[in-house]
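Owing to the predicted nature of the structure, the values given are computational and were not obtained by experimental measurement.
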Amino acid sequence: MELQKMAVALVACLCLLVFGATTSQAGHPAHPDPKLINPLRIMPEASSGDSVSVNNCLSWRLTVETNNKRNWNGVPEICGNYVAHYMTGKQYGYDCDAVVDIAIEYVKSLPIPRDGRSIWIFDIDDTALSNLPFFSRPDVFFGVKTDNAELEAEFYEFILTAEVPVLEATLRLYQAVVEAGIKAIFLTGSSERSADARDKNLKAVGYHTWEKLILKPDSVNTTVQVFKSQVRNRLVVQGYRIEGNIGDQWADIVGSNVGRRTFKLPNPMYYGYY
């Protein structure tokens, strides 16, 4: 009798298992699958030649900021609004402040000799000053539209206005550097023809003193990275100690004699490694 009861129970269990499997295969699973978080949807080729997921522009920005993605020319069109919101919203400012806060902590930790030979190198474009007024123009759209042959000349005219706004986070770092007894050197790949405008602009927004303002001569045909490396090499030969170096492009902080510490500010609008 007991064996009969056990057999009946076993058959009942088997029936339940078969029924559950059947209903699951029919599209009604007993335990629903977990929902995907941000399922990816691959979009057609964008203007830059990249196939970018509509929900993955954050990952695209990560790859360019870490220099894993190189030689890209223009923001993928599908990511234009994302970059616009990032650059004009609060997050860009938060990210710049995060970098600068770490840099200031480093400055405060340095034992600076009082011989006047300690320097800090500052890039200018999108480091000391912010080019957002130019890049937010509809015909540039935060780096999406870069195939306009006239843009370079128009950007140069923008610089010559000497009204480029300050990047507040970098100004905080500059103030900490000067207070610590480190001399500021502004080093940019911009043409030396804009020297007067740069001088006026930097002073107008709060960079009141510096050791040197160095721009790229028009006669120099090297890349920005090579030019900046050559300048830093000369500074070291002259007896300067490069305590720190900050820029928004990898070309600012790679090469030779980059400094004891380098700091990279965010900039997903354009690429400059060479």
Identify whether the distance between the nearest side-chain nitrogen and carboxylate oxygen of D196 and K200 falls below 4.0 Å. no
K212 meets the salt bridge (Lys or Arg N to Asp or Glu O under 4.0 Å) criterion, sequence neighbours left out, with none
Scan [range] for pairs that pass side chain to side chain donor-acceptor pair (under 3.5 Å), counting only residues two or more places apart or in two chains.
range	result
residues 156-165	none
residues 183-194	D125-S190, T188-S190, S190-R198, S191-R193, S191-D218, R193-D218
residues 231-244	D115-R241, S118-R241, S118-E243, E211-Y240, S229-R232, N233-S256, N233-N257, E243-R260

Can you list, pair by pair, the side-chain donor-acceptor contacts under 3.5 Å of residues 94-105, counting residues two or more places apart and other chains?
{"from": "D95", "atom 1": "OD1", "to": "Q91", "atom 2": "NE2", "distance (Å)": "2.8"}
{"from": "D95", "atom 1": "OD2", "to": "Y86", "atom 2": "OH", "distance (Å)": "2.7"}
{"from": "D97", "atom 1": "OD1", "to": "R172", "atom 2": "NH2", "distance (Å)": "3.3"}
{"from": "D101", "atom 1": "OD1", "to": "R172", "atom 2": "NH1", "distance (Å)": "3.3"}
{"from": "D101", "atom 1": "OD1", "to": "R172", "atom 2": "NH2", "distance (Å)": "2.9"}

Just checking, any donor-acceptor pair under 3.5 angstrom between side chains of D126 and Y270? yes
Validation row, ring centre W72 to ring centre W60 under 6.0 Å: yes
Hey, would you say the H208 and Y174 ring centroids sit under 6.0 Å apart? yes
Under the 3.5 angstrom rule, does the side chain of T127 hit a backbone N or O of I124 as a donor-acceptor pair? no
Determine the minimum heavy-atom distance between K216 and G189, stating which atoms define it. CB-O, 3.6 Å
Contacts of type side-chain contact (heavy atoms from CB on, under 4.5 Å), residue F134, not counting sequence neighbours: R137, V140, L151, E154, F155, F158
